[in-house]
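The structure appears right after this line, and notes come after that.
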Amino acid sequence: MTGRPIAMWPILRALFARELRLVLRGGHLLPVLAFVFICVMLMPFGLGPELSLLQRLAPGLLWVIMLMAVLLSLDRMFQADFEDGGLDQLLLLPIALEGAVIAKICAHFVGILLPVLAAIPLAGLLLNIHPDAVLPVLATLLAGAPALVMLGAIGAALAVGVRRAGLLTVLIVTPLYVPVLVFGAGGLARALAAPGMLDVGALGVLGLISMASLFLAPPAIAAALRAGLR
Amino acid sequence: MTGRPIAMWPILRALFARELRLVLRGGHLLPVLAFVFICVMLMPFGLGPELSLLQRLAPGLLWVIMLMAVLLSLDRMFQADFEDGGLDQLLLLPIALEGAVIAKICAHFVGILLPVLAAIPLAGLLLNIHPDAVLPVLATLLAGAPALVMLGAIGAALAVGVRRAGLLTVLIVTPLYVPVLVFGAGGLARALAAPGMLDVGALGVLGLISMASLFLAPPAIAAALRAGLR
Amino acid sequence: MVNTEYFSGAYADFSRAAMSGDALCLRADNLACVRGLRVVFADLNFAVAAGGILHVSGANGAGKTSLLRMICGLLAPAAGHISLSGNTALARQSHYLGHADGLKNTLTPRETMIYESRLMAAHEACAPEDLLAHIGLAKQADQRVGTLSAGQRRRLALSRLLAAPRPIWLMDEPYTALDTAGRDLVDTLMRCHAEAGGMVVLAAHEAVPLADAQLVLDA
Amino acid sequence: MVNTEYFSGAYADFSRAAMSGDALCLRADNLACVRGLRVVFADLNFAVAAGGILHVSGANGAGKTSLLRMICGLLAPAAGHISLSGNTALARQSHYLGHADGLKNTLTPRETMIYESRLMAAHEACAPEDLLAHIGLAKQADQRVGTLSAGQRRRLALSRLLAAPRPIWLMDEPYTALDTAGRDLVDTLMRCHAEAGGMVVLAAHEAVPLADAQLVLDA
Amino acid sequence: MLERLENLSALYANPRRFMNLAARVHTPLWLVAVGVLAFGLFMVSGVPDDYQQGATVRIMFVHVPAAWMALFAYSFIFFASLLAAVLRHPLGYLAARAAAPVGAVFTLVALVTGALWGQPMWGTWWVWDARLTSVLVLLFIYLGYIALWEAIDDYGRAARATSILAFVGFVNVPIVKFSVDWWNTLHQPASVSRFARPALHADFLYPLLVMGVAFLLLFLAITLTRLQMEVLRQRLRVRQSAG
Ligand code: HEM
Ligand SMILES: Nc1ncnc2c1ncn2[C@@H]1O[C@H](COP(=O)(O)OP(=O)(O)OP(=O)(O)O)[C@@H](O)[C@H]1O
Ligand SMILES: Nc1ncnc2c1ncn2[C@@H]1O[C@H](COP(=O)(O)OP(=O)(O)OP(=O)(O)O)[C@@H](O)[C@H]1O
Ligand SMILES: [Mg+2]
Ligand SMILES: [Mg+2]
């Protein structure tokens with residue numbers, strides 16, 4: 001209407017920058033990291049101090065822990081926007097809501113999940129992980145993380161404005177996580193059985209699931225947010 | 001001032017009833033229980049479906065799941081009150097803030113964590129737990145739960161309005177969790193190594209920690225909440 | 001519009017105090033407020049007698065909200081003190097109606113009222129039906145508070161004042177979001193309260209004809 | 001007080017449209033609103049021409065907020081439709097200032113403004129210093145938004161209107177929490193916007209002398 | 001008031017034609033369903049014991065149709081939501097809502113009978129294989145779907161949100177169906193649906209098929225009844241709030 005074309009890219013970048021700042025100021029990172037290390041610390045008590053058993057289980061445990069960390073951190077991703085009217089403003093932006101959603105998710109990914117990923121090798125060390133296993137674990141986690149995040153965001157968006165949204169999110173999201181976990185931890189286990197090499201098949205499937213969710217989730221999330229407007 | 005003495009008990013009961021209703025609104029029971037079973041469901045994928053291995057790990061895993069449920073459910077316990085001005089009204093009640101805090105925590109305990117505790121034996125069944133282990137697991141969880149809840153509530157109170165809350169929570173609350181876990185999951189492991197008998201020592205220590213936190217946490221929580229007023 | 005009966009029984013206490021001569025008096029001496037690194041106001045003195053309505057005004061950021069919160073103890077004064085006839089712990093003597101209303105979105109107006117009166121240890125619980133009709137929410141009684149319109153929320157928040165009698169009413173911009181009838185409701189409530197021997201301190205940007213004293217804070 | 005320069009360059013577009021005769025016109029035809037299970041209003045018709053200021057009034061719960069949200073597409077009409085000179089997708093043509101302000105507590109006013117103008121794809125980013133002084137927040141520029149007073153927050157929210165030119169301004173009780181100077185600021189902003197060829201729909205319970213048309217919703 | 005609401009909002013349309021049709025179909029449908037079920041049970045009682053499994057083979061006649069219906073009900077929800085979204089007709093949302101608990105119960109029945117069968121056959125109640133787990137996932141998706149309906153009061157919002165979940169969750173249906181082919185599982189692969197050369201003896205096949213039809217009719221009958229109730233409840237709520 002104002003006649004001049006609007007460039008989408010700078011808007012997305014600005015939104016990403018703002019969300020990243022909000023995430024960092026919100027102090028969400030430390031509790032999530034603390035959660036990871038509490039879990040890791042707890043495991044030897046649960047499993048008994050047998051190092052070889054711990055070593056065997058470490059990769060799978062790291063996957064489960066990562067998954068829960070994602071759940072914990074995404075839980076209220078859109079809730080604040082909903083409550084303070086920020087969601088209304090997102091809808092009035094000169095970009096599609098889908099784009100805004102992607103920018104927000106990227107900010108969460110960079111602000112919370114990348115640091116968690118970076119902490120995974122250290123956590124693995126505490127679990128006495130085999131050095132050869134670190135790379136496959138990281139590779140599968142990296143390949144699977146986008147899917148985890150996107151599916152989690154669908155749940156968070158569906159639960160917007162709902163009481164006790166966090167738990168509802170968990171209920172909605174976790175069943176969707178199972179296939180990712182099957183290929184992630186399962187593929188990992190197979191890769192580690194034949195040490196020294198990555199299970200390219202499982203990695204490929206994980207990547208595919210991630211790619212698919214990168215494309216399919218944003219419209220679902222945007223639709224869920226629109227449905228959540230009051 | 002109004003001349004008539006005020007009975008504390010009915011007020012505490014009313015607050016408890018209101019909080020319980022807030023907690024239960026929207027059928028939270030289902031999501032919490034679902035959360036537990038979903039965690040249980042994820043474990044075999046992470047650790048492999050070997051039943052004997054699962055059996056060995058089950059007690060520790062159940063502790064981790066309980067911890068997650070506490071963390072998830074208490075996380076934003078005071079946040080809503082802080083944001084909507086409900087915290088101001090709590091301070092103006094004709095009872096001490098410490099009392100109000102206890103009523104709130106009890107409501108969370110009854111509304112969320114008791115159902116989780118009740119679901120633990122069934123969850124254990126799915127993890128193929130040894131029948132002899134069910135009782136010790138429940139006993140340690142029951143003995144440790146008050147401590148977990150109180151510590152979680154301290155974290156939630158610190159997170160309200162206090163800047164750098166994440167850091168504070170990690171620095172203050174995480175170290176406090178460690179002894180609970182050591183005696184809880186650790187004592188459990190020892191108890192199960194000598195089957196058929198409870199590790200009374202660990203149970204006693206857990207109970208002591210719980211008692212101590214029941215007395216020491218409410219003032220700390222109230223102080224944190226007062227500090228968070230704006 | 002307001003049924004003054006609500007005030008009769010429960011208010012006997014401080015009406016009697018008012019009549020017997022040792023009337024309540026809210027006073028502030030040399031009060032100062034510091035927020036962040038800024039002195040918002042200092043050396044503030046005022047007194048409100050039983051039955052008095054004090055209108056606090058001033059530019060945005062002048063410290064009206066801070067003052068009201070200080071009176072009921074939600075904010076500690078940087079200097080000076082506040083007392084009600086010598087008593088300095090006023091949290092349980094005051095109703096505070098702030099910018100944030102403390103309503104719970106998942107309850108209904110009816111439930112809100114019932115809990116409110118129990119929490120305030122009202123000696124005789126009022127009938128929520130009457131009170132709901134009174135504040136104009138009869139039709140919305142069982143709708144979730146989260147779906148009320150801004151003015152309807154505000155009206156519901158007002159009902160807290162009637163849950164139990166307390167001598168001091170602190171009202172932060174009480175007219176916000178209310179239509180003409182709603183504003184009249186606020187005025188009537190304040191008038192009844194003052195007549196029963198209570199005192200009101202309200203912050204508002206508009207003129208308040210009802211007030212019998214004005215305190216202007218300058219930023 | 002308001003520097004009308006903000007409007008000059010950026011507003012050229014729709015001022016020119018206004019002058020060239022094919023002026024913008026916002027119109028609603030047979031609009032109806034259903035919330036929950038209740039018909040809030042139905043068969044609503046109105047039109048606002050370029051430069052027009054429409055004042056929507058009505059009792060609490062009459063549907064003012066719902067109407068404003070419908071105009072910018074945040075709420076789907078139960079029947080009827082809204083268009084701006086034939087165009088029915090108005091989200092990107094409107095600024096909406098609701099009861100909830102969409103401000104982020106952990107940012108500072110300065111940051112808020114900078115992001116706001118980038119997000120709105122302002123063609124020439126305004127200097128935040130000027131704008132801050134303009135809305136009276138120069139002193140609070142680097143304080144956290146969460147610590148602002150109610151009126152200061154409201155002023156900050158107003159700055160969004162100036163982040164980028166959009167023809168339709170939807171203002172829900174814009175005078176809330178503002179002192180006299182703040183109300184003047186709102187009036188000046190609306191007047192400048194209307195003069196530049198924009199249109200304003202505002203909901204308010206008080207009289208709005210500036211408005212050139214009134215729409216009364218009855219509950 | 002009711003008229004006004006119905007005219008204004010597609011979401012509150014009063015599906016008169018549907019209700020008339022439903023009133024006529026309702027009783028015959030229930031009668032046929034119960035009749036076929038009785039016939040099926042009669043046939044099952046005549047089935048000889050399996051030479052390997054003994055009498056436990058009879059669990060199959062509940063387990064397999066229940067498992068089929070678990071999948072069918074979710075597909076039903078998916079297509080009903082899709083139709084509602086495309087045609088902007090509320091009946092689809094209501095039908096999906098009505099079918100969800102029914103599907104959840106069938107899923108639960110499949111799980112429980114499967115577990116009961118697993119004890120004698122595999123020596124364990126439960127294993128974490130792909131088929132069993134994907135059915136458990138299906139149950140959780142049902143529960144999440146139901147919980148989401150319950151958690152949102154506003155009917156329109158709930159309808160839109162739950163339909164999105166129905167679409168997303170549909171990916172699990174092929175996983176359940178084909179898990180036995182894609183992964184090496186303890187559970188046996190499809191043996192009935194290979195119609196060209198069914199791997200099942202006719203003694204078992206025909207009773208199973210009759211039971212399948214009976215369960216399908218039962219599902220349709222229960223869902224229809226629930227759907228009628230859903231429409232009536234909606235109407236009642238409108239009446240109450242209007243007056
Ligand atoms: C809790 C455990 C079990 C679950 C969740 C389960 C689930 C299922 C499902 C979803 C189907 C339908 C597959 C389709 O339509 O293609 C099915 C079919 C079947 N199940 Fe199970 N099952 C379980 C245990 C068992 C056991 C222990 C047996 C017997 C050893 C068994 C035997 C069968 C048979 C024979 C079929 C029919 C396959 C066909 O012809 O399509 N199931 N089951
Ligand atoms: N989900 C819902 N269920 C029932 N009623 C609802 C729902 N959401 C909104 N309402 C009702 O819709 C009506 C219109 O609300 P709206 O916020 O538009 O009013 P308003 O004119 O802005 O009022 P105010 O002056 O108080 O701000 C209100 O009566 C409100 O109670
Ligand atoms: N943590 C803080 N750091 C710095 N300044 C603060 C802080 N908290 C509050 N302030 C300032 O204190 C001042 C007083 O705020 P207060 O809310 O009391 O004002 P008010 O008179 O109620 O204003 P309004 O009319 O806008 O509601 C404001 O200028 C505010 O910016
Ligand atoms: Mg104020
Ligand atoms: Mg409104």
Side-chain angles (χ1 to χ4, degrees), chain B residues 1-28 31 76-101 103-104 107 111 160-161 163 222-223 225-230, chain C residues 10-14 16-17 24 35-36 65-66 68-69 72-76 84-87 89-108 111-112 114-123 125 144-146 153 157 160 163-168 170 172:
Chain B
M1 189 60 47
T2 50
R4 285 177 246 187
I6 281 175
M8 269 188 55
W9 190 233
I11 302 182
L12 284 176
R13 228 170 35 201
L15 188 59
F16 172 78
R18 187 184 75 162
E19 293 299 321
L20 189 58
R21 182 165 295 198
L22 288 175
V23 167
L24 290 180
R25 265 290 139 86
H28 303 137
R76 295 187 41 94
M77 165 164 201
F78 299 107
Q79 194 70 27
D81 279 323
F82 175 71
E83 278 161 14
D84 66 14
L87 188 51
D88 299 341
Q89 301 302 333
L90 279 188
L91 276 144
L92 301 187
L93 287 186
I95 51 172
L97 184 57
E98 282 78 359
V101 162
K104 269 186 83 83
V160 158
R163 289 244 261 150
L225 289 178
R226 285 208 191 85
L229 282 176
R230 46 181 167 202
Chain C
Y11 268 50
D13 287 326
F14 52 86
R16 215 179 304 119
L24 295 169
R35 311 275 331 226
T65 299
S66 306
L68 297 194
R69 292 177 72 84
C72 60
L74 292 175
L75 191 67
L84 180 69
S85 299
N87 186 348
L90 303 190
R92 293 162 199 187
Q93 312 295 331
S94 322
H95 277 304
Y96 171 67
L97 212 72
H99 289 300
D101 49 28
L103 297 175
K104 298 298 171 190
N105 282 337
T106 52
L107 297 179
T108 66
E111 291 166 342
T112 305
I114 294 173
Y115 284 124
E116 213 64 77
S117 82
R118 291 203 195 135
L119 286 178
M120 287 287 174
H123 298 297
R144 280 179 61 221
V145 171
R153 267 188 94 94
R160 185 180 299 130
R166 291 188 162 192
I168 307 173
L170 304 168
D172 204 354

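Sequence lines set the chain letters: A, B, ... in the order given, protein chains first and strands last, and positions in each chain run from 1. Here the structure is a predicted model, which is why all the values come from computation and not from measurement.
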Which atoms of B/A17 are under 4.5 Å from chain C, going by heavy atoms: the side chain, the backbone, both sets, or neither? both
Hits for side chain to side chain donor-acceptor pair (under 3.5 Å) against C/T65, two or more places apart or cross-chain, chain-then-number order -> C/H99, C/D172
Can you tell me which portion of C/L90 sits under 4.5 Å from chain B's heavy atoms? Options are side chain, backbone, both or neither. neither
So, C/E111 side chain and C/T108 main chain: donor-acceptor pair closer than 3.5 Å or not? yes
Can you tell which of B/L87, B/L90, B/L15 has the highest number of heavy-atom pairs within less than 4.5 Å of chain C? B/L15
Sequence neighbours left out, what pairs pass side-chain hydrogen bond (donor to acceptor under 3.5 Å, both in side chains) with at least one residue falling in residues 88-101 of chain B? B/D88-C/R69
Non-hydrogen atoms of C/N87 and C/Q93 that approach each other most closely: ND2-NE2, 4.3 Å
